[in-house]
*Asks:* 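First the structure, then my questions, so here it is.
Order of the sequence lines fixes the chain letters, A, B, ..., with proteins taken first and strands second; residue numbering starts at 1 for each chain.
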There are 2 protein chains.
Amino acid sequence: MNKKKITIKDVAKKAGLSITSVSQILNGNTQRFSEKAIKKVYAAQKELNYVPDFFAQRMVTKKSHLIGVLVPDISNPFFAQLFLGIQDILNKQGYVALLYNMEGDEKQESHYVEDLIRRGVDGLIIASSAFSDQSIYQALQRESLPMIVMDQKTETDMVDAVQADNYDGGKQAALYLQELGHKKAAVVLPENPTVNVRKRYEGFASVYGDELLVVNGELSTSGGQGAVKKIINSDITAIFAINDLIAFGLYMGLKEAGKKIPNDYSVVGFDDISPCGYVTPPLTTIAQPTFELGQEAAKMLMGRLNSPQKEPEEKILPVKLVQRFSVMPLK
Amino acid sequence: MNKKKITIKDVAKKAGLSITSVSQILNGNTQRFSEKAIKKVYAAQKELNYVPDFFAQRMVTKKSHLIGVLVPDISNPFFAQLFLGIQDILNKQGYVALLYNMEGDEKQESHYVEDLIRRGVDGLIIASSAFSDQSIYQALQRESLPMIVMDQKTETDMVDAVQADNYDGGKQAALYLQELGHKKAAVVLPENPTVNVRKRYEGFASVYGDELLVVNGELSTSGGQGAVKKIINSDITAIFAINDLIAFGLYMGLKEAGKKIPNDYSVVGFDDISPCGYVTPPLTTIAQPTFELGQEAAKMLMGRLNSPQKEPEEKILPVKLVQRFSVMPLK
DNA sequence: ATAGTATGCTAAAACGTTTTACCAAATTTA
DNA sequence: TAAATTTGGTAAAACGTTTTAGCATACTAT
């Protein structure tokens, strides 16, 4: 039970060198040292099974190799997938992600951010909505913490950003539906949409113009379910669900109402989360490169960490329509 | 741009007291101090907007208030939900979860655990499989780090554990199916099942005995899809998918094969993840109290942190059958 | 031979807390 | 009134690194 922590001092003693030398060599600054010294240090390290104390290290370097990640809902497979992409890159670079789930209380977002700052994260990836909160942005500026915002870039932000081509996605969905003969369409989206969601809508609206029925519903299955009432009271034949969860809600609601997809209504979603494939009928949707989106965000953050002064960058990844069986040509 | 870090020293100076006093008071050890001193310290803190440096604090206290969480696949909504439950409790207590996703390379699990240890986590929640790896266990013992294992408890482990009543779940599924007249059933599960999965199987087998067709398939949709071939070549009428993802795979495979659920085959799943509700037909399944499972694990870990010497505890949460529309009585 | 320059290494400061051990003054007890 | 105790506080050590500044010694060039 005598757990004596092994410190750099022990290694130095065993190697017959100074603490400084051990530190330098172990950190790769080997230029100024002899072969022999280097060998001895590594040998001692191995023998003692020495690993530097994380907190002591961080205290002096001020780098935690910790990245804060904020998502609105990790139980939405889209964000789980996104997180996986982020983690993929981060881990390869020796960084680790601290995941915070906003779940409802997005007002508290600034509270979480404060906490993340306290814990000494080196940077943030914000895939959540309430970034609009100016106070967050200022807190980050104050600490000069780099961050990447996902899908939330407003034109004025001087901040790195990565997003999917939401506008084009909406447009593709609309073009596809129109080509198949659908004259009138509905789109269901939240009342106060975040930027990315609004872009999808705008892309869609750019082709459907006035022949568009807008129905409000939250970004969840119940949001979609709640929207069907208005839809079945209209004369539209196609529905654009602003995300897949809403589309699934429509599935449920429409079934309850005795309507068939795609016979009565064609529906296309957005995201391409995995249930799209095993729902009935499989959902035609606009696929985001979700994993890659996460990777890209992480890469961009790593990039900024290495060169803090470079110009804010913005990356837009393409989306594509994946055709399954929830859409039919209107005869 | 002159970002001078505010330290406890600054607070001490402003309050006209010693560093020691400030530290004590701010940490709630106010007994030995006068009202006046206390007031002054708080005032100074507020005025300077002082917050203790995380790493300096940790370096001396050795507590990170960080909990490592290992899951096999965060994109499975089950684990996302579980994580939410964990986070719910942890955050309320001022702790934070470090989520690691094992995704495939479970051999690397011990590598991740090492990393978690290096980063100074105060404890671990392991919902992953390869805990069998003895070396992990030893590493943790060596550092005397508390951990909770989920769904992986083998009889011999002297470790805190929380799990769902997997055996009973399997049994409930079987009883239900049998009652509806199904004489022969199949169960699909991985070749080398983890403990929890085996328990489900055993519970199911305890009622079906010999009339049981065992088909192997991984814990994913593709695992279920791959299993249908063997199933349609048999004379069984009911299928127990050892988790919901497998069930969804069966949905896809059976459809391809031109079979209908529940008319041709009744299927029941396990977990009750959210897609169960919007798949067609909605999936009858054994519901785990997923969120609560996570909460319970977190609570138990907090408990052990506070009293390291208490006896290892084991908690089993009940599961229940939720009937939807993927099962029919056999006429 | 002498100045200059690599080469190989180290002592000590710094990072910002918590904790330990102790002290002086004021109050109580005998 | 002397001794003991309580009250309100502090100085300094410790935590385990990285980094800065510098120091011999040996080699090179003039």
*Asks:* Please report, rounded to the nearest Å, how far the P atom of D/dG22 is from the CZ atom of A/R32.
*Replies:* 15 Å
*Asks:* Any Lys/Arg nitrogen of A/K5 or A/D53 sitting under 4.0 Å from an Asp/Glu carboxylate oxygen of the other?
*Replies:* yes
*Asks:* Under 4.0 Å, counting only non-hydrogen atoms across every strand here, what does A/S34 touch: a base, just sugar-phosphate, or nothing?
*Replies:* sugar-phosphate
*Asks:* How many Å lie between CG on B/L17 and P on D/dG8, as a whole number?
*Replies:* 13 Å
*Asks:* Would you call the rings of A/H65 and A/Y95 parallel, tilted or perpendicular, taking 30° and 60° as the class edges?
*Replies:* parallel
*Asks:* Side-chain contact test, heavy atoms from C-beta onward, threshold under 4.5 Å: evaluate it for A/V71 versus A/L99 and give yes or no.
*Replies:* yes
*Asks:* Show each protein N/O and nucleotides 14-18 of chain C N/O combination with a separation under 3.5 Å, one pair to a line.
*Replies:*
{"residue": "C/dT17", "atom": "OP1", "partner": "B/Y50", "partner atom": "OH", "Å": "3.2"}
{"residue": "C/dT17", "atom": "OP1", "partner": "B/D53", "partner atom": "N", "Å": "3.3"}
{"residue": "C/dT17", "atom": "OP2", "partner": "B/I8", "partner atom": "N", "Å": "2.6"}
{"residue": "C/dT17", "atom": "O5'", "partner": "B/Y50", "partner atom": "OH", "Å": "2.9"}
{"residue": "C/dT18", "atom": "OP1", "partner": "B/N27", "partner atom": "ND2", "Å": "3.1"}
{"residue": "C/dT18", "atom": "OP1", "partner": "B/Q57", "partner atom": "NE2", "Å": "3.3"}
{"residue": "C/dT18", "atom": "OP2", "partner": "B/S23", "partner atom": "OG", "Å": "2.5"}

*Asks:* Counting only side-chain N and O atoms of B/S21, is one of them less than 4.0 Å from OP1 or OP2 of D/dT10?
*Replies:* yes
*Asks:* Between C1' on D/dG8 and CG on B/N29, what's the gap in Å once rounded to a whole number?
*Replies:* 14 Å
*Asks:* Side chains of B/N91 and A/Y100: donor-acceptor distance under 3.5 Å anywhere?
*Replies:* no
*Asks:* Would you say A/S21 and A/S18 are linked by a side-chain donor-acceptor pair, where the criterion is simply a distance under 3.5 Å?
*Replies:* yes
*Asks:* Roughly how many Å is it from NZ in B/K40 to P in D/dG8, rounded to a whole number?
*Replies:* 13 Å
*Asks:* Between A/K63 and A/D122, does at least one N-O distance fall below 4.0 Å, as a salt bridge requires?
*Replies:* no
*Asks:* Give a yes/no on whether any side-chain N or O of A/S18 is located under 4.0 angstrom from OP1 or OP2 of C/dC9.
*Replies:* no
